[in-house]
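In each ligand, atom 1 is the first atom listed, and ligand 1 is the first ligand listed.
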Amino acid sequence: MEKGDTRGRRFDLGRESLVIRDILERPLASLRVSVTDRCNLRCRYCMPEQEYVWLPKESILTFEEIARLVTVFTSLGVSKVRLTGGEPLLRHDLPALSRMLAGNTGISDLAMTTNGLLLAKHAAALRQAGLGRITVSLDTLRPERMRDLARSDRHADVLAGIAAARAAGFPLKLNTVVMRGVNDDELVDLIEFARAHEAEVRFIEYMDVGGATGWSAEQVVSQREILEVLSARYGAITPVATGDLSAPAERFRLPDETTFGIVASTSAPFCRSCDRSRLTADGTWFMCLYAERGTDLREPLRSGASDAELGELIASTWRGRTDRGAEVRLGLANRAPLFQVEGLRADPHREMHTRGG
Ligand code: SAM
């Protein structure tokens, strides 16, 4: 395979010379910043347990520390930043962090992923603070199903959050993790809902990441199956050519021009074009959702490292990156959840809600 060329996706190798590339020629371009490991939902595919080991309070980065690290990342070529968690809106005064990041001219795309519960309250302030885009997780349109799936009876709050985000002028995406026998009968309803709310839905294959201790291959509804269901209902579906070669979702178009995406991270991983890394709320930097270990940036940050020193640590770590976690998982016979509860309790950094989805 040609360097940088995967599944027909090709990096623009002639892009800015400052871009830091890993061993597979993947650029350091996109950073997900988890601002808290806490969440106000208990989704079955992410936080199914009754109790959790949380990151120590004193280890959580301040907004100033996050903004400084992000500045170092953008000086190395990162241009896309997504605030996530846990539930990012549980972090007090998130618009203040958005404002600080919006002032970073290296960021061309500042986004947030939220479960929407608190969005109605904060949407307008986030917009004013310069946040560019919002993705709301919406796994079901049925309140009673949300009770079962996420142990919450606040479905109406999510819908209010979606309405408020639109009213505030945000471009909106909806994330739906599709699970067999749980919500796979709602694909068409979700497409219709998204269309009615001027949003684009992205169906995500159920992944065997961190907290998904109940994962099994049988529960995964693959991209192929999703397309079969939707084309049976709508007719011929065509792929949408995208300019963003590293985007996790492949986009598709229905005959009536409605677009939607599928993130086929389980059945057809896109590791070879993955330019994403993740900063946890305590300043641990992960270069793959499946990585065993992260790089501690908090310690050097708090012990007086200069921007140049932090930059050198980040650049040299990325240059050595070889991770292809989802592809490696795909090759496993008898694939089972990545961790069981004991393993997650031993190191909460293994949790998806700590790494940031
Ligand atoms: N709390 C926010 C939310 O719910 O959107 C942000 C964090 S959440 C971990 C980010 C995304 O990760 C969500 O869209 C969620 O659906 C996705 N996610 C979590 N666990 C997953 C799994 N096992 N498979 C696929 N997607 C998962």
Side-chain angles (χ1 to χ4, degrees), residues 32-49 52 82-91 94 111-119 122 126 131 133-140 146 149-152 154-155 157-158 161-162 165 172-180 182-184 190 194 199-217 219-223 226 248-249 261-270 276 278-281 286 289-290 325-326 329 335-339 344 348-357:
R32 306 204 168 200
V33 179
S34 172
V35 294
T36 177
D37 56 337
R38 306 282 173 147
C39 193
N40 43 6
L41 289 183
R42 287 292 178 271
C43 299
R44 162 184 320 189
Y45 51 76
C46 188
M47 295 185 77
E49 318 306 335
Y52 283 92
R82 178 173 293 273
L83 301 177
T84 180
E87 171 47 42
L89 290 175
L90 284 179
R91 182 84 187 245
L94 197 69
M112 175 180 72
T113 303
T114 172
N115 61 31
L117 290 189
L118 299 169
L119 188 54
H122 297 293
L126 288 164
L131 186 74
R133 298 190 293 128
I134 292 184
T135 301
V136 179
S137 295
L138 181 70
D139 296 321
T140 179
M146 182 176 175
L149 180 58
R151 307 213 295 264
S152 170
R154 297 180 58 189
H155 195 266
D157 291 344
V158 181
I162 290 170
L172 207 56
K173 286 187 180 147
L174 304 175
N175 270 0
T176 302
V177 179
V178 186
M179 299 175 74
R180 194 179 310 286
V182 175
N183 62 348
D184 54 337
L190 283 157
E200 185 170 291
V201 65
R202 290 148 36 114
F203 297 114
I204 305 176
E205 291 181 354
Y206 184 18
M207 296 171 69
D208 54 346
V209 282
T213 48
W215 185 92
S216 70
Q219 295 170 81
V220 178
V221 180
S222 69
Q223 166 163 308
I226 292 169
I262 301 181
V263 182
S265 23
T266 304
S267 74
F270 38 87
R276 272 172 298 288
R278 294 175 155 81
L279 184 66
T280 64
F286 285 90
L289 211 39
Y290 290 94
R329 302 285 301 161
R335 190 167 171 179
L338 185 60
F339 294 112
L344 295 169
H349 290 101
R350 291 169 167 164
E351 296 277 7
M352 176 77 156
H353 67 265
T354 307
R355 286 190 184 188

Notebook entry, point to check: In ligand 1, which numbered atoms sit nearer than 4.0 Å to a non-hydrogen atom of Val209?
Noted result: 22 (C), 23 (N)
Note to self: List ligand 1 atoms under 4.0 Å from Asn175, heavy atoms only on the residue side.
What the structure shows: 14 (O)
Check: How far is atom 26 (N) of ligand 1 from its nearest protein heavy atom, and which residue and atom is that?
Finding: Val177 CG2, 3.4 Å
Checklist line | Those atoms of ligand 1 less than 4.0 Å from some heavy atom in Thr84 | finding: 6 (C), 7 (C)
Next item on the list: Would you please test Asp208 and Val220 for side chain to side chain contact (heavy atoms under 4.5 Å, CB included) and show each step?
Entry: CA-CA 10 Å; Asp208 54 346; Val220 178; over 6 Å; no
Margin query: Show the atoms of ligand 1 that are less than 4.0 angstrom away from any heavy atom in Cys46.
Written below: 19 (C), 20 (N)
Check: Which ligand 1 atoms does Ile204 reach within 4.0 Å, using its non-hydrogen atoms?
Finding: 25 (C), 26 (N)
Margin query: Heavy atoms only, cut-off 4.0 Å: how does Thr113 contact ligand 1, side chain, backbone, both, or neither?
Written below: both
Item checked: Residue portion contacting ligand 1 (non-hydrogen atoms closer than 4.0 Å) for His353 -> neither
Margin query: Taking 4.0 Å as the limit for heavy-atom contacts, which would you say applies to Thr114 with ligand 1: side chain only, backbone only, both, or neither?
Written below: backbone
Notebook entry, point to check: Is Gly86 near ligand 1, meaning one of its heavy atoms is under 4.0 Å from it?
Noted result: yes
Next item on the list: Within a distance under 4.0 Å of any heavy atom of Gly357, pick out the atoms of ligand 1 and give their elements.
Entry: 9 (C), 10 (C), 12 (O)
Margin query: Suppose I only count heavy atoms of Ala212 and a 4.0 Å limit; which atoms of ligand 1 are within that range?
Written below: 23 (N)
